[in-house]
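Counting starts at 1 for both ligands and their atoms, following the listed order. Note that the coordinates shown come from a computational prediction; the quantities given were computed from them, not determined experimentally.
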Amino acid sequence: MHTLLLLGLIVAVAGSASAELYEGDKVLRLTAENDLHLQFLRNVSHTGKAELWHPHSIDLVTTEKAMDFRVAADWVSDIQAELEKIGLKYEILTENLQILIENQFDRIRTRSFSYDYSSYHNWDQIESWTATIAKENPNLISRLVIGQSYEGRNIYLLQVGKRTGSPKPAIFMDCGTHAREWISPAFCQWFVKEAVRTYGTRSPLNSIVNEMDFLVIPVVNVDGYVYSWTEDRLWRKTRSKNFNSDCVGTDPNRNFNAEWCTSGSSRNPCSSIYCGPYAESEKEVKAVADFIRNHSSVIKAYLTIHSYAQKCLFPYSYTYSLAFNDNELANLAQNAVQALKSLYGTEYTFGSGSSSMYLASGGSDDWAYDLGIKYSFTFELRDTGKYGFLLPETQIRPTCEETMLAINYIATYVLNHLY
Ligand SMILES: [Zn+2]
């Protein structure tokens with residue numbers, strides 16, 4: 001009774017925050033066709049009237065490639081008029097961002113409270129879930145604390161694999177690097193639940209967990225995740241304070257030591273892609289990097305789960321140069337996205353990060369790859385922009401089910417190609 005009451009209160013508080021920040025903001029999709037268009041988009045980005053919805057360096061934006069911009073409410077009519085004047089056609093993806101956000105919190109507030117893998121969960125719930133699932137499955141799961149966040153929260157890692165008494169090869173998978181990408185932690189939880197559900201059965205996942213361990217971090221950027229529930233649903237970065245700036249946080253996926261802070265990242269602390277004062281400055285990034293370094297002899301694959309874009313990416317993102325096993329990675333990605341598509345027909349594209357997404361330095365997948373982990377992938381889950389970071393809960397189950405097929409495919413391949 002008391003627990004339920006308390007949970008209800010926490011959710012009510014979480015739901016009531018995030019107030020009005022995005023009232024009237026729209027998301028527009030457009031494709032620049034000439035230099036005038038590009039110049040206009042750069043100008044509005046630099047003035048803060050609009051920003052790339054999927055943040056990257058505006059200076060790297062080119063023509064002939066569709067881009068989504070979040071346009072601040074105050075500037076919507078000006079910008080629409082301007083776009084029409086210069087002949088830049090656009091499509092409105094989201095009419096009012098605040099309404100999408102509030103709908104999501106409304107559903108969360110009103111639902112019942114059994115642990116439901118088809119729902120989004122706040123940090124308190126996820127934290128106690130990690131304890132419970134480890135305690136209930138001692139032969140399969142153990143929980144480790146690999147470090148603390150900037151604000152002092154534990155960063156948990158679940159080791160998922162049958163206990164054999166000897167070291168096993170492992171696949172490392174992290175979720176929740178970017179705070180607002182809620183489908184990502186939902187997937188890590190789903191994955192662990194599936195490992196439990198299929199344990200001891202004749203399933204592909206069970207064969208894998210008999211031979212290998214999965215090292216799963218359900219939420220890397222814990223502080224950011226909490227903030228996305230309580231203050232700003234669309235927060236992306238960590239919550240560390242910056243020297244000489246009122247702007248908070250670093251982009252954890254620009255903070256790894258992979259050509260740190262060169263292309264596709266920013267030295268401005270107010271930017272969504274701020275690389276931080278130095279590589280691994282963020283405690284969360286340092287904790288992940290230290291853990292991987294200390295276990296690099298057993299980690300055979302690195303998977304990092306993000307949203308949104310429906311892409312399976314592999315190194316490199318910091319350069320257009322190809323990875324040494326580019327062919328193998330491309331084949332693997334192609335088969336993984338085919339497996340994913342087989343369930344609900346969801347189309348994913350694949351390729352190196354720089355060619356398929358955008359140039360970006362300091363990413364965890366490139367860093368892990370350069371450390372010697374030759375199977376390194378970033379998944380950008382659903383969707384392609386209709387809801388973006390605000391993917392409805394009704395899509396959690398199908399998204400997780402189809403993604404399991406891709407992860408199983410990669411894991412089976414890695415198990416058959418140990419090195
Ligand atoms: Zn992300």
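- With values rounded to the nearest 0.5 angstrom, Asp213 atom CG is found 13.0 Å from Phe172 atom CZ.
- Shown here are the protein N/O/S atoms lying under 2.8 Å from the Zn ion (ligand 1), water excluded: His178 ND1, Glu181 OE1, Glu181 OE2, His306 ND1.
- For Glu282 and Lys286, the salt-bridge test fails: no basic side-chain N is under 4.0 Å from an acidic carboxylate O.
- Checked options Lys300, Glu328, His417; the residue passing with Tyr375 is Glu328 (criterion: side-chain hydrogen bond (donor to acceptor under 3.5 Å, both in side chains)).
- In this structure, Trp182 has its ring center closer than 6.0 angstrom to the ring center of Tyr120.
- Taking OG of Ser240 as the start and CG of Asp223 as the end, the distance is 8.5 Å to the nearest 0.5 Å.
- Under the ring pair (Phe, Tyr, Trp, His ring centres under 6.0 Å) criterion, the residue pairs touching residues 326-361 are His56-Tyr358, with sequence neighbours excluded.
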